[in-house]
Amino acid sequence: MDIVVGGLMLVVLAPVMAAVAGALLAFSGRPVLFRQVRPGLHQVPWTMCKFRTMRPARDRAEFWHGDDERTTKLGRFLRRTSLDELPQLVHVVTGRMSLVGPRPLLVEYLPRYSAHHLRRHEVRPGITGLAQVSGRSRLTLGQRLDLDVRYVDEWSLWLDIRILCRTLTVPFQTGHATGQTIADIDDVNLCGDREEEIASR
């Protein structure tokens, strides 16, 4: 299903992707794509790409704390509509990702997961997931990880279909959280040492 549906979506949405790439070139410049190594199935690292939504960070502190300041106006639109995720359809077709699954997070988080939360890597990462349709940015990191593990435990084709259908309504939902800091959402201490490291510099 991933390969067939992902391939069809890639063909159908190719003009949209071309339009987004053109808009990014015109208003934000190069690079059009953001690339970063993320852990996938069984924690195996791979390079994920998506449309770039932020300008480069001026320093290390801004890299970890300045998402709102660095996100461009076009980037906010792409995030709100999830258009920034479209290049990941290539990863679905090539088997790195699924249409539905836990979102791939940073490699640096791996040592910080509890044994329970580490189970999120028992399935392929997804473009959308249970956490994304259950509150998205309004959830704490712990709540998102709990939903990822719940997805692993309760997976079924019907659950995937329901999540895909609910994903279509996400761009029209209101109440997305803005102005959050890491301290506001990091209830499982995924980024605690980074706060201390930045403060000591």
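These numbers come from a predicted model, not from an experiment.
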inquiry  = Applying salt bridge (charged side-chain N to carboxylate O under 4.0 Å, His left out) as the test, list every pair that has at least one member in residues 41-50; sequence neighbours left out.
reply    = K50-D84, K50-E85
ask   = At what distance, to the nearest 0.5 angstrom, does OH of Y109 lie from CG of L141?
value = 6.5 Å
task = Start with the C-alpha gap between L110 and H121, add the side-chain angles, then the distance that decides, and say whether side chain to side chain contact (heavy atoms under 4.5 Å, CB included) holds.
result = CA-CA 10 Å; L110 287 175; H121 296 288; 3.5 Å; yes
ask   = So which heavy atom on A131 is nearest to which on D148, and how close?
value = CB-OD1, 4.1 Å
request  = Could you pull out all residues at least two apart from T53 that satisfy side-chain hydrogen bond (donor to acceptor under 3.5 Å, both in side chains)?
outcome  = R79
Results of side-chain contact (heavy atoms from CB on, under 4.5 Å) for L25 - residues two or more places apart only = R30, V32
request  = Kindly give the heavy-atom pair with the smallest separation between P87 and L33, and that separation in Å.
outcome  = CG-CD2, 3.9 Å
Interatomic spacing from CG in L105 to CZ in R144 - rounded to 0.5 Å = 8.5 Å
ask   = Step by step, would you call L78 with R52 a side chain to side chain contact (heavy atoms under 4.5 Å, CB included)?
value = CA-CA 9 Å; L78 296 178; R52 183 169 63 89; over 6 Å; no
inquiry  = As an exercise, state the distance from CG of L190 to CG of L106, rounded to the nearest 0.5 Å.
reply    = 9.0 Å
Under the side-chain hydrogen bond (donor to acceptor under 3.5 Å, both in side chains) test, residues paired with R119 that sit two or more places apart = E122, D153
remark   = To the nearest 0.5 Å, atom CD of Q132 lies from atom CD1 of I127 at 11.0 Å
inquiry  = Can you list everything that forms a side-chain contact (heavy atoms from CB on, under 4.5 Å) with I161? Sequence neighbours excluded, please.
reply    = L157, W158, C165
ask   = Quick check: does any side chain N or O of H91 sit under 3.5 Å from a backbone N or O of C49, one acting as donor and the other as acceptor?
value = yes
ask   = Would a 4.5 Å heavy-atom cut-off, applied to side chains only, mark T47 and R96 as touching?
value = no
ask   = Has R150 got more than 12 heavy atoms of other residues, nucleotides or ligands less than 6.0 Å from its CZ?
value = no
inquiry  = Once side-chain contact (heavy atoms from CB on, under 4.5 Å) is applied, do any residues pair with S98, and if so which ones, sequence neighbours excluded?
reply    = D2, R124
inquiry  = Please give me the minimum heavy-atom distance between E154 and L159, naming the atom from each residue.
reply    = O-CD2, 3.6 Å
key: Exam field: side chain R103 to backbone G126, donor-acceptor pair closer than 3.5 Å   = yes
task = Identify the two heavy atoms, one from T140 and one from Q143, that lie closest to each other, and give their separation to 0.1 Å.
result = N-OE1, 2.8 Å
ask   = Cluster partners of V4, using ILVMFWY side-chain heavy atoms under 4.5 angstrom, listed by chain and number?
value = L8
ask   = Is L83 linked to L164 within one hydrophobic cluster, defined over Ile, Leu, Val, Met, Phe, Trp and Tyr using a side-chain heavy-atom separation of less than 4.5 Å?
value = yes
request  = Return the minimal non-hydrogen interatomic distance between G6 and V92, and the atom names on each side.
outcome  = CA-CG1, 4.4 Å
inquiry  = Under the rule for side-chain contact (heavy atoms from CB on, under 4.5 Å), what residues qualify as partners of P125, not counting sequence neighbours?
reply    = W46, M97, P104
query = For Y113, which residues count as a side-chain hydrogen bond (donor to acceptor under 3.5 Å, both in side chains) partner, sequence neighbours excluded?
reply = none
Worked check of side chain to side chain contact (heavy atoms under 4.5 Å, CB included) between L118 and V149 = CA-CA 8 Å; L118 202 60; V149 177; over 6 Å; no
ask   = What distance separates L74 CG from L24 CG, expressed to the nearest 0.5 Å?
value = 5.0 Å
ask   = Between R38 (side chain) and M48 (backbone), is there a donor-acceptor pair under 3.5 Å?
value = no
query = Which value, rounded to the nearest 0.5 Å, describes the distance between R120 atom CZ and D146 atom CG?
reply = 11.0 Å
message = Counting only heavy atoms not in I3 (residues, nucleotides, ligands), do more than 12 fall under 6.0 Å from its CD1?
response = no
ask   = Looking at residues at least two apart in the chain, or sitting in another chain, which of them share a side-chain hydrogen bond (donor to acceptor under 3.5 Å, both in side chains) with D160?
value = Y151, W155
inquiry  = Are L86 and L10 packed together at the side-chain level, in the sense that at least one heavy-atom pair is separated by less than 4.5 angstrom?
reply    = no
task = Report the C-alpha distance between F27 and T72 in whole Å, list the side-chain angles of each, state the deciding distance to 0.1 Å, and finish with yes or no for side chain to side chain contact (heavy atoms under 4.5 Å, CB included).
result = CA-CA 9 Å; F27 296 103; T72 63; over 6 Å; no
key: In one Ile/Leu/Val/Met/Phe/Trp/Tyr side-chain cluster, 4.5 Å: V100, V90   = yes
message = Taking L99 as the starting point, is it possible to reach V152 by hopping between hydrophobic residues whose side chains are less than 4.5 Å apart?
response = yes
